[in-house]
Enquirer: 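Once you've had a glance at the structure underneath, I'll fire off some questions.
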Amino acid sequence: MASASNPPFVHVDGIPNFRDIGGYSISDSSSTRRNFIFRSALPTRVTAEGLKTLTQDLGVHTVYDLRSNVELRKDNAPSLLTSAEDITVLHRPVFPETDASPQALAKRWANYMSDNGTEGFVAAYTEILQDGAGAYKVIFEHVRDQPEKPFLVHCTAGKDRTGVIVALLLLVAGVKEYDVVGDEYALTETAFDPKIRAALAGKALKEMGPNADEAGVKRMFSARKENMVATLELIEKKYGGAEGYLKTALGFGDTDVELIRKNLTTGEKSIF
């Protein structure tokens with residue numbers, strides 16, 4: 001479980017970048033719910049001990065996988081996660097099959113690797129907001145309809161596709177300070193074991209071929225606070241905020257949003 005010295009991370013053996021999105025301040029007397037929504041990087045290498053922590057200690061029996069079909073085909077090794085009888089893994093890709101073409105992937109990587117400050121990340125995250133609406137709607141429906149069932153949401157690094165949905169969840173819950181949401185996003189910078197980060201970077205460089213941009217790949221695997229803050233400003237400008245995104249992009253009504261917000265919050269004081 002998360003310790004007072006290292007909140008909000010939770011040690012789940014075999015799953016990197018695993019943390020709780022609860023405990024963030026909404027008011028003096030309320031915060032986002034703890035032990036309800038968890039985020040992580042790829043969890044398919046969970047150990048037996050980690051699986052026990054996930055299901056018995058945290059009560060997680062539903063996992064939302066945001067990866068593309070292409071990613072699933074590349075990483076199809078047997079996993080305790082997918083074979084466990086008490087875990088339901090729901091594949092809800094942010095990008096449909098056609099958007100995982102080499103051309104589309106190269107464009108997306110170019111955005112992440114851009115040295116134009118936050119602009120590249122904002123462009124990439126704008127695409128995630130647009131193409132990920134169907135996947136994100138399912139997750140918000142879970143919050144609305146199954147508030148008693150904790151769940152895990154992940155992609156590959158647990159940074160971009162996962163980062164955007166978590167930012168939306170925090171905003172809808174009532175976390176008003178963009179800096180707080182940005183700080184939560186930036187925790188991924190310190191979450192990865194250097195060996196895991198190096199392995200992901202090496203895999204990306206290999207796929208890019210002889211003209212790979214090492215400095216760009218380093219930027220791609222960064223999680224700088226200002227990238228998320230700029231994205232939140234884009235959400236405000238384009239959709240009128242996270243609530244506006246839920247209504248216009250996901251099709252929720254006022255009653256839905258109110259119930260979602262209620263299910264995301266608790267009367268407990270924040271720990272952050």
Side-chain angles (χ1 to χ4, degrees), residues 2 8 10 12 17-27 30-40 43 54-55 58-67 86-94 125 128-155 158-177 180-181 184-185 187 228 231-232 235-236 239-268 270-272:
V10 183
V12 180
N17 198 15
F18 192 106
R19 58 190 195 260
D20 190 342
I21 74 163
Y24 288 90
S25 177
I26 295 169
S27 69
S30 65
S31 63
T32 55
R33 278 178 60 194
R34 299 181 66 188
N35 300 314
F36 177 34
I37 303 174
F38 300 92
R39 61 179 292 176
S40 77
L54 192 68
T55 58
L58 301 177
V60 172
H61 298 281
T62 302
V63 176
Y64 291 99
D65 185 346
L66 303 178
R67 293 177 298 159
D86 54 351
I87 293 272
T88 299
V89 178
L90 300 174
H91 180 219
R92 298 294 182 266
V94 164
Y125 290 176
I128 287 173
L129 286 162
Q130 294 168 349
D131 290 15
Y136 288 176
K137 183 173 184 178
V138 172
I139 293 170
F140 277 104
E141 286 174 338
H142 183 126
V143 175
R144 181 192 65 188
D145 301 334
Q146 303 179 79
E148 75 288 355
K149 294 184 178 180
F151 65 90
L152 169 67
V153 58
H154 76 89
C155 46
K159 179 176 76 75
D160 302 311
R161 290 162 290 187
T162 301
V164 172
I165 181 64
V166 167
L168 289 168
L169 286 161
L170 292 175
L171 290 175
V172 171
V175 177
K176 296 179 175 61
E177 297 83 1
V180 172
V181 180
E184 195 285 331
Y185 164 82
L187 287 173
M228 180 53 70
T231 301
L232 302 184
I235 293 172
E236 180 63 37
Y239 298 102
E243 183 174 328
Y245 176 79
L246 262 66
K247 292 178 180 179
T248 60
L250 306 190
F252 288 114
D254 290 338
T255 302
D256 297 312
V257 174
E258 183 179 350
L259 184 55
I260 288 168
R261 180 177 295 113
K262 177 183 176 182
N263 291 343
L264 285 170
T265 60
T266 178
E268 299 175 0
S270 66
I271 59 173
F272 306 118

Enquirer: Specify the closest pair of heavy atoms between Leu250 and Ala133, including all atoms of both residues, with the distance to one decimal.
Expert: CD2-O, 3.2 Å
Enquirer: Thinking salt bridges, do Arg19 and Glu184 make one under a 4.0 Å N-O criterion?
Expert: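 Salt bridge flag = yes for Glu184 with Arg19.
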Enquirer: Where do Phe36 and Asn263 come nearest, in terms of heavy atoms and distance?
Expert: CE2-O, 3.7 Å
Enquirer: Around atom CD of Glu141, are there more than 12 heavy atoms of other residues, nucleotides or ligands at under 6.0 Å?
Expert: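 Atom CD in Glu141 is crowded, with more than 12 foreign heavy atoms closer than 6.0 Å.
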Enquirer: Evaluate the criterion side chain to side chain contact (heavy atoms under 4.5 Å, CB included) for residue pair Leu54 and Phe18; output intermediate values, then yes/no.
Expert: CA-CA 10 Å; Leu54 192 68; Phe18 192 106; 3.6 Å; yes
Enquirer: Under 4.5 Å between any side-chain heavy atoms of Ile21 and Phe38, yes or no?
Expert: no
Enquirer: How far apart are the C-alpha atoms of Val60 and Thr55, what are their side-chain angles, what is the distance that settles it, and do they pass the side chain to side chain contact (heavy atoms under 4.5 Å, CB included) test?
Expert: CA-CA 5 Å; Val60 172; Thr55 58; 5.9 Å; no
Enquirer: For Pro8 and Tyr24, work out which heavy atoms get closest and say how close.
Expert: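 That would be CG-OH, 3.7 Å.
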Enquirer: Within the 4.5 Å heavy-atom criterion, are Arg161 and His154 side-chain neighbours or not?
Expert: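 In short, these two side chains do not touch, never coming nearer than 4.5 Å.
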Enquirer: So, using salt bridge (charged side-chain N to carboxylate O under 4.0 Å, His left out) as the criterion, who are the partners of Asp254 when residues are at least two apart?
Expert: Lys247
Enquirer: Report yes or no: does Thr265 contribute a side-chain atom to a donor-acceptor pair with the main-chain N or O of Ala173 at less than 3.5 Å?
Expert: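 Side chain of Thr265 to backbone of Ala173: no pair is present.
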Enquirer: Decide yes or no on side chain to side chain contact (heavy atoms under 4.5 Å, CB included) for Ile87 and Val63, but give the supporting numbers first.
Expert: CA-CA 7 Å; Ile87 293 272; Val63 176; 4.0 Å; yes
Enquirer: Any donor-acceptor pair under 3.5 Å linking the side-chain atoms of Tyr64 with those of His91?
Expert: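 No, no side-chain donor-acceptor contact under 3.5 Å.
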Enquirer: Mind checking whether Thr32 and Leu170 have side chains closer than 4.5 Å, heavy atoms only?
Expert: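 Heavy-atom side-chain distance check passes, below 4.5 Å.
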Enquirer: For side chain to side chain contact (heavy atoms under 4.5 Å, CB included), just list the numbers for Thr266 and Ser31, CA-CA rounded to whole Å, side-chain angles, deciding distance to a tenth of an Å, and then say yes or no.
Expert: CA-CA 6 Å; Thr266 178; Ser31 63; 3.6 Å; yes
Enquirer: For Leu152 and Arg39, work out which heavy atoms get closest and say how close.
Expert: CD1-C, 3.7 Å
Enquirer: Should the ring pair Phe151 and His142 be called parallel, tilted or perpendicular, given that the plane angle runs from 0 to 90° and is split at 30 and 60?
Expert: tilted
Enquirer: I need the minimum non-hydrogen distance between Lys159 and Tyr185, along with the two atoms involved.
Expert: O-CE1, 3.5 Å
Enquirer: Can you tell me how far OG1 of Thr62 sits from NZ of Lys149, rounded to the nearest 0.5 angstrom?
Expert: 6.5 Å
Enquirer: Less than 4.5 Å apart, side chain to side chain, heavy atoms only: is that true for Asp65 and Leu90?
Expert: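 Not in contact.
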Enquirer: Look up atom CD1 in Ile165 and atom CG in Leu66, then write down how far apart they are to the nearest 0.5 Å.
Expert: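 Here the rounded value is 7.5 Å.
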Enquirer: Could you check if a side-chain atom of Val143 sits within less than 4.5 angstrom of a side-chain atom of Leu169, using non-hydrogen atoms only?
Expert: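 Yes, close enough: below the 4.5 Å cut-off.
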Enquirer: When you compare the side chain of Tyr245 with that of Leu168, does any pair of heavy atoms fall below 4.5 Å?
Expert: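 A side-chain contact under 4.5 Å exists here.
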Enquirer: Over all heavy atoms of both residues, which pair between Ser40 and Thr162 is shortest? Give the atoms and the distance, please.
Expert: O-OG1, 4.3 Å
Enquirer: Under 4.0 Å between a side-chain nitrogen and a carboxylate oxygen: does that hold for Arg33 and Glu268?
Expert: no
Enquirer: Kindly indicate whether the side chain of Leu58, heavy atoms from C-beta on, has any atom under 4.5 Å from the side chain of Asp20.
Expert: no
Enquirer: Quick one: does Ser27's side chain have a donor or acceptor within less than 3.5 Å of a partner on Ser30's backbone?
Expert: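 Side chain of Ser27 to backbone of Ser30: a pair is present.
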Enquirer: Atom OG1 in Thr248, atom CD in Glu243: separation rounded to 0.5 Å?
Expert: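 If we round to the nearest 0.5 Å, Thr248:OG1 and Glu243:CD are 10.5 Å apart.
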Enquirer: To the nearest 0.5 Å, how far apart are CD1 in Ile260 and OG1 in Thr255?
Expert: 10.5 Å
Enquirer: Evaluate the side-chain proximity of Ser25 to Val175: yes if any heavy-atom separation is below 4.5 Å, no if none is.
Expert: no
